[in-house]
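Inspection log for the structure reproduced underneath, given as structure tokens.
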Amino acid sequence: MDFARLEAKDQVLEIGCGTGQATESFARRGLSVLALDPGAELIAVAQERLAEFPRVRFEQTTFEAWPGEPESFRLIFAAQSFHWVSPELRFARTAALLAPEGTLAVFGNVPMKPESPLSEKFAGIYARHAPQLAGPPVEAWYLPDGPFARELKQSDHFEAPVHHHYSWGRSHTAQSYTDLLRTLSSYRLLSEDRREALLFELADAINTHGGKFELHYETHLYLARRAGAV
């Protein structure tokens, strides 16, 4: 909000609101937010969560299909969703929808590998059940040396971005960790038998190593003003 110099009258667009977790933080600051998401069930959850905020509106649509009005928004933000936007439109379309001094804010949480020896145990389990998930997580796209940061710096549509990095962690039991993985698209795309076998062995490995572990994250936030802003 400080970077974008937002005022209560300003219009904010969210790309991919999901269940409204990030939306709520902006809503509680009195901003007018239009939140887009293609998922009807996700929007239903977000609407219930944010029912007390009349200045938050929702539209069930993809960012690519939504018509929009040029130069309508002071801020466009995407929380853990920008990697889903079509590469051909990510920067050109957001820039076109932003006011002359408008800001694009993109942030994502990147899970780190568990500490040894659990990381080695996990590697073997993934190799057996889902080798396509054994590499860096899709969220690594948001790392400073990842594709997004490079593409944003090279874009003619935005000025040089500002980057912020936040480290944090969350303690997980076998149950809470497998519950988390069940919500991720990459795991939901697995066949049910393969997914359940994978999660069963991950849970068993956690229980064998004390029953809980600390999952470390890095959150990366990128802020960039539309090129040509005064």
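For the numbers below, each heavy atom of this structure counts, side chains included, while hydrogens, waters and symmetry mates do not.
Partners of Ala65 by side chain to side chain contact (heavy atoms under 4.5 Å, CB included), not counting sequence neighbours, listed by chain and number: Thr61, Thr62. By the side chain to side chain contact (heavy atoms under 4.5 Å, CB included) test, Arg194 pairs with Gln132, Leu190, Ser191, sequence neighbours left out. For Arg55, there are no salt bridge (Lys or Arg N to Asp or Glu O under 4.0 Å) partners two or more places apart in sequence or in a different chain. Listed by chain and residue number, Lys9 satisfy the salt bridge (Lys or Arg N to Asp or Glu O under 4.0 Å) test with Glu7 (two or more places apart in sequence, or in another chain). Residues passing the ring pair (Phe, Tyr, Trp, His ring centres under 6.0 Å) test with His129: none are found, sequence neighbours excluded. Contacts of Trp84 classified as side chain to side chain contact (heavy atoms under 4.5 Å, CB included), with partners at least two apart in sequence or in another chain: Ser185. Remark: Arg182 engages Glu196 in a salt bridge (Lys or Arg N to Asp or Glu O under 4.0 Å) (not counting sequence neighbours). Checked against side chain to side chain contact (heavy atoms under 4.5 Å, CB included), Leu184 has the following partners two or more places apart in sequence or in another chain: Leu181, Ser186, Tyr187.
Membership of the apolar cluster around Tyr222 extends to Leu13, Ile15, Leu34, Leu36, Phe63, Trp66, Phe73, Ile76, Phe82, Val85, Phe91, Leu97, Leu98, Leu104, Val106, Val110, Met112, Trp141, Tyr142, Leu143, Phe148, Leu152, Phe158, as traced through chained side-chain contacts below 4.5 Å between ILVMFWY residues. Other cluster members for Val45: none, since no ILVMFWY side-chain heavy atom sits under 4.5 Å from it.
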Between side-chain atoms of residues 205-215 and protein atoms elsewhere (two or more places apart, or another chain), which donor-acceptor pairs fall under 3.5 Å?
from	atom 1	to	atom 2	distance (Å)
Asn207	ND2	Ala203	O	3.3
Thr208	OG1	Asp204	O	2.7
His209	ND1	Ala205	O	2.9
Glu214	OE2	Arg170	N	3.4

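Under the 4.0 Å criterion applied to side-chain N and carboxylate O atoms, Arg225 and Glu101 are not assigned as salt-bridge partners.
Pairs engaging residues 32-61 under the ring pair (Phe, Tyr, Trp, His ring centres under 6.0 Å) rule: none recorded [sequence neighbours left out].
Phe107 and Phe3 fall within a single hydrophobic cluster, where Ile, Leu, Val, Met, Phe, Trp and Tyr side chains are chained together by heavy-atom contacts under 4.5 Å.
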